[in-house]
Amino acid sequence: MARSKILYQCQSCGYASPKWLGKCPDCGSWNSFAEEERVTKLASRKTAEPLSLSGVTASNDDRSSTGIGELDRALGGGVVAGSVILIGGDPGIGKSTLILQALKGLAKLGSLLYVSGEESPQQVKLRADRLRIKSDNIILLPETSLEGIMDVALKLGPKAIVVDSIQTVFSSDIPSAPGSVGQIRECATKLMFMAKKHGMPLFLIGHVTKEGAIAGPKVLEHIVDTVLYFEGDKGNPFRILRAVKNRFGPANEIGVFEMSEEGLKEVDNPSQLFLSERPSDISGSVVTVSMEGTRPLLVEIQALVSSSKFGIPRRTGLGFDYNRLNLLIAVLDKRIGMQVAGMDVFVNVVGGLKIDEPAVDMGVITAIASSMKNKSVASKTVTFGEVGLSGELRAISQAEIRIKEAAKLGFKKAVVPMNNAKKIKGPEIEVIGASNVEEALDIIFF
Ligand code: TYD
Ligand code: MG
């Protein structure tokens, strides 16, 4: 039995409405509605057997290594059989490069299917030559029809499938255009059922819209097991692969890469890398420690404070939340009495990193204060901690791991929240506790 009906669907979140709307009431996007014909098949189905939870056997070791440590890490320790992994990122960031390098590692398992709807086999071959990948086990399929892909996949029975990109795939069962929410959902769902049924991992490469979300984001993110975002600056060789969702491992885990002439290279010691170009004895620069997943990362925060030429002072936070920056400036102004409210303030997290952890508040505040006072922070000092509205320094999680990482990289002094300092025993570096921002800044600048 089938019902057919014309629907208008938001191409960003999948919200459906019987009439066209200018603004999506669900996600707030403007002019995002497109006409789609919705075919609902009400097929009869078999009911699943209920079973006792203790009777279910499951093992967590059914993971294969991609041969790329940083990718395995972002995945939570390798690829799980039958899992669906979405890799999103800006065009040209290196998604196809990453996946081709991963296929090289997975090729030891057997044949792999690389479906490319965007590039010709010749283009893929050129890239493979550049990456020095030569394997008979990587099978290319230049196909965009879902039915065609499924046919080949079922015949070939590969150990893993890559679809580059999911936006190019279309099913002839769905009347709407390729790349629309209806198509993406239908194709991803069908591919997912196949992957789960045959226990083969499925990698979907997804485009990112102008606003930075994977096209049809909510739709896809719900379907897949793992969502990895590939981030980085165009002018910067560093790339960060971030797990924003992971059913098989910790979310927010990151892998760090460097794009080189011969493809993506893993970065073993990211903290060292992010600090490598740090100027010494310059005001407005400080090192703080952020937790990215289970990994502590030392990052340099830079700030520049200058007198404002306009009535409304300008504030920019590159890699740091704008609202949080304004809040920290207000704390400095009101609680510490530093007259920054009327100044232009620019803050930058070095290395193109994006940080949204309250623990780096203290780093941002210190960088601003340092620029304001025109006094540099000792180069072997780190600081972290969450700043409250009354200027208090709040304890944060995993302080000990952060301090260990700082000590490993040769830092001598850590200025941290009092409640964290109390609990840290026998560290290799001097740990000084402060209960509020004023105290902490006094210690940092004597
Ligand atoms: P690509 O993987 O095609 O990006 P995506 O699939 O995300 O669109 O990567 C394209 C960019 O990477 C391109 O600008 C060239 C660069 N690149 C290198 O710098 N070195 C390399 O070895 C490769 C293969 C690509
Ligand atoms: Mg590509």
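Because only heavy atoms are used, hydrogens play no part in the values below, and waters and symmetry mates are left out as well, while side chains stay in. We count ligands from 1, going down the list as the structure has it; atoms in each ligand are counted the same way. Please read these numbers as outputs of a predicted model, since none were measured by experiment.
- Scanning the protein heavy atoms around atom 16 (C) of ligand 1, the nearest turns out to be Met259 CE, 4.0 Å.
- Of all the heavy atoms in Met194 and Met200, the pair that sits closest is CG-CE, 4.0 Å.
- Enclosure of atom CG in Asn269 by more than 12 non-hydrogen atoms of other residues, nucleotides or ligands within 6.0 angstrom is indicated.
- Residue-level proximity to ligand 1 for Pro91 is carried by the backbone, the only part with a heavy atom below 4.0 angstrom.
- By the 4.0 Å N-to-carboxylate-O rule, Arg239 lies too far from Glu70 to be salt-bridged with it.
- Taking a cutoff of 4.0 Å between a charged side-chain nitrogen and a carboxylate oxygen, Asp321 and Lys354 do not qualify as a salt bridge.
- If you number the atoms of ligand 1 from 1 as listed, the ones under 4.0 Å from a heavy atom of Glu261 come out as 20 (N), 21 (C), 22 (O).
- In this structure, Ser260 counts as a contact residue of ligand 1, since one of its heavy atoms falls inside 4.0 Å of the ligand.
- Of the heavy atoms in Leu131, only side-chain atoms (C-beta onward) come closer than 4.0 Å to ligand 1.
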Evaluate Thr226 against Asn246 for side-chain hydrogen bond (donor to acceptor under 3.5 Å, both in side chains), listing each step before the verdict.
CA-CA 4 Å; Thr226 304; Asn246 198 351; 2.9 Å; yes
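- Remark: Arg314 CZ is loosely packed, at most 12 non-hydrogen atoms of other residues, nucleotides or ligands lying under 6.0 Å away.
- Using a cutoff of 4.0 Å between basic side-chain nitrogens and carboxylate oxygens, Glu428 and Lys404 are not scored as salt-bridged.
- The protein atom (non-hydrogen) at minimum distance from atom 2 (O) of ligand 1 is Thr97 OG1, 2.6 Å.
- In summary, the atoms of ligand 1 found under 4.0 Å from a heavy atom of Ile93, numbered by their order in the structure, are 4 (O), 7 (O).
- Between Lys95 and Asp164 no salt bridge is recorded (no basic side-chain N to carboxylate O distance below 4.0 Å).
- For atom 6 (O) of ligand 1, the closest non-hydrogen atom on the protein side is Ser96 OG, 2.7 Å.
- In terms of protein heavy-atom proximity, atom 15 (C) of ligand 1 is closest to Arg130 NH1, 4.4 Å.
- Atom CG of Asp129 has more than 12 heavy atoms from other residues, nucleotides or ligands within 6.0 Å.
- Not a single N, O or S atom of Thr97, from either the backbone or the side chain, sits less than 2.8 Å from the Mg ion (ligand 2).
- Judged by distance alone, the side chains of Ser285 and Glu300 do bring a donor and an acceptor atom under 3.5 Å apart.
- Closest to atom 22 (O) of ligand 1 among all protein heavy atoms lies Gly263 N, 2.6 Å.
- Protein heavy atom at the shortest distance from atom 3 (O) of ligand 1 is Arg127 NH2, 2.8 Å.
- By the 4.0 Å heavy-atom criterion, Gly89 is excluded from the residues contacting ligand 1.
- Of the protein's non-hydrogen atoms, Gly92 O, 3.4 Å is the one closest to atom 11 (C) of ligand 1.
- What sits closest to atom 4 (O) of ligand 1 on the protein, heavy atoms only, is Gly94 N, 3.1 Å.
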